[in-house]
Amino acid sequence: MRKVSKKEDSYPSLRQIKFFRKLLLNWFSKNGRKFPWRGSRISNYNRIIAEILLQRTKAEIVKQHYNEFLEVYPDWKSIANASNRELGKVLRPLGLWRKRSITLKKLAVIIDKSGGKFPKDVKALEFLPGIGQYISNSIMLFYFKNRSPLLDVNVARLLSRYFGISCKEDLRFDLQMQCLAREIVNCDETITVNLAMIDYASLICKNKSAICSTCLLRKNCSFYDK
DNA sequence: GTCCTGGAAC
DNA sequence: GTTCCCGGAC
């Protein structure tokens, strides 16, 4: 394995992107992870709660406490009526519970007043408490059915390694990486491609101990030492 | 010690 | 732009 060189940055062609997408979709159909917040029948409330719980938190950990959270807080109103202390109690095992209980309650009050509706453009979404670039894209993807990318640190690592493109420390300012992610998910299976990248980065293209030996993508991967 | 489907205060 | 939040897994 070698480090990604900044000098070799070159934007991938559409053909390369299609190939990458196809292999990932094929892999995902057999190896994708199952989580209670995935699937087309999940309510928007349940889905957005999952996104908030997943901030900087391992999906496997969220899975252990997700249903309990939904039992205690089944809708926006129940969160809006809860005290920060009560919320923190349920959020504690997930970490980041002080901030999350404060911002989640602020958000719940706003969304409850709006009748459960979210604003339909990215900038307005990012203005909401606890909603930044990632979750606003997630809402645009799942709630409004846009072709939006879910670009987290793991997906960025996968793209950076495979396409040999360096990425910035803070993805919020990395327009090149955002643009690439957006192009990759710009197809008829936007949601599945997004989930496939997240799972592949988590299970195969790990930060440390990447499993290059069994990686389907290694033939064309700039990170793989042939 | 580092890392995780980020966001906001500083 | 940088730092902190947070617990649990590794």
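Below, all heavy atoms of this structure are taken into account, side chains as well, without hydrogens, waters or symmetry copies. In what follows, every chain begins at residue 1, and chains take the letters A, B, ... in the order their sequences are listed.
- Under the ring pair (Phe, Tyr, Trp, His ring centres under 6.0 Å) criterion, the residue pairs touching residues 174-221 of chain A are W27(A)-Y200(A), with sequence neighbours excluded.
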**Report entry** Worked verdict on R38(A) versus D199(A) for salt bridge (Lys or Arg N to Asp or Glu O under 4.0 Å)
**Finding:** CA-CA 12 Å; R38(A) 289 186 177 179; D199(A) 283 2; 2.8 Å; yes
Using distance only, find each side-chain donor-acceptor pair of residues 206-214 of chain A under 3.5 Å and give its atom names and separation, not counting sequence neighbours.
none

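- Using bins of under 30°, 30° to 60° and over 60° for the plane-to-plane angle, the ring pair F20(A)/Y162(A) lands in the tilted bin.
- Here the P atom of nucleotide dC4(C) and the CD1 atom of I102(A) are 18 Å apart, to the nearest Å.
- By the rule that hydrophobic residues join a cluster once side-chain heavy atoms approach within less than 4.5 Å of another member, L96(A) and I79(A) end up as members of separate clusters.
- When each of L159(A), L158(A), L217(A) is paired with C205(A), the side-chain contact (heavy atoms from CB on, under 4.5 Å) condition holds for L158(A) and for no other.
- A salt bridge is defined here as a Lys NZ or Arg NE, NH1 or NH2 lying under 4.0 Å from an Asp or Glu carboxylate O, and R147(A) with D188(A) meets this definition.
- Regarding D170(A), its CG atom lies at a distance of 9 Å from the P atom of dT2(C), rounded to whole Å.
- The same atom, P, is picked in dC4(B) and in dG1(C); the two are 23 Å apart, to the nearest Å.
- The stretch residues 52-71 of chain A touches DNA chain C through K58(A), I61(A), each having a heavy atom under 4.0 angstrom from the strand.
- Counting only residues at least two apart or in different chains, side-chain hydrogen bond (donor to acceptor under 3.5 Å, both in side chains) contacts with residues 88-106 of chain A comprise T57(A)-R100(A).
- For the contact set between residues 37-45 of chain A and DNA chain C, defined by any heavy atom under 4.0 Å, there are no members.
- On the P atoms, dC4(C) is 23 Å away from dT5(B), given to the nearest whole Å.
- Partners of S43(A) according to the side chain to side chain donor-acceptor pair (under 3.5 Å) rule, which considers only residues two or more places apart in sequence or in another chain, are N46(A).
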Could you pull out every donor-acceptor pair under 3.5 Å between side chains of residues 127-139 of chain A and any protein atom, sequence neighbours left out?
from	atom 1	to	atom 2	distance (Å)
S136(A)	OG	E126(A)	OE2	3.4
S136(A)	OG	G132(A)	O	2.9
S136(A)	OG	Q133(A)	O	2.9
N137(A)	ND2	Q133(A)	O	3.4
S138(A)	OG	E51(A)	OE2	3.0

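- With P as the reference atom, dC6(C) and dC10(B) are 14 Å apart, rounded to whole Å.
- Contact annotation for R100(A): no contact, since no heavy-atom pair falls under 4.0 Å across all strands.
- With sequence neighbours excluded, the residues satisfying side chain to side chain contact (heavy atoms under 4.5 Å, CB included) with K77(A) are D75(A), N81(A), D112(A).
- In terms of the side chain to side chain contact (heavy atoms under 4.5 Å, CB included) criterion, residue partners of K113(A) (sequence neighbours excluded) are, by chain and number, V109(A).
- Atom name P, nucleotides dA9(C) and dG7(B): the rounded distance is 24 Å, in whole Å.
- With hydrogens and angles ignored, the 3.5 Å screen pairs no side-chain donor or acceptor of N44(A) with any backbone N or O of Y143(A).
- At a non-hydrogen distance threshold of 4.0 Å, L128(A), P129(A), G130(A), I131(A), G132(A), Q133(A), Y134(A), I135(A) from residues 122-138 of chain A come into contact with DNA chain B.
- Here N154(A) lies in heavy-atom contact (under 4.0 Å) with sugar-phosphate atoms only.
- OP1 or OP2 of dG7(C) lies within a sub-4.0 Å distance of a side-chain N or O belonging to W97(A).
- When DNA chain B is scanned 5' to 3' for any atom under 4.0 Å from a heavy atom of chain A, the first and last hits are dT2(B) to dA8(B).
- Taking hydrophobic clusters as Ile, Leu, Val, Met, Phe, Trp and Tyr residues chained together by side-chain heavy-atom distances below 4.5 Å, F28(A) shares a cluster with F142(A).
- Within residues 185-209 of chain A, no residue approaches DNA chain C, by heavy-atom distance under 4.0 Å.
- I42(A) and Y45(A) are assigned to two separate hydrophobic clusters, defined by single-linkage of ILVMFWY side chains at heavy-atom distances under 4.5 Å.
- Ring pair F69(A)/Y73(A) is tilted by interplanar angle, where 30° to 60° counts as tilted.
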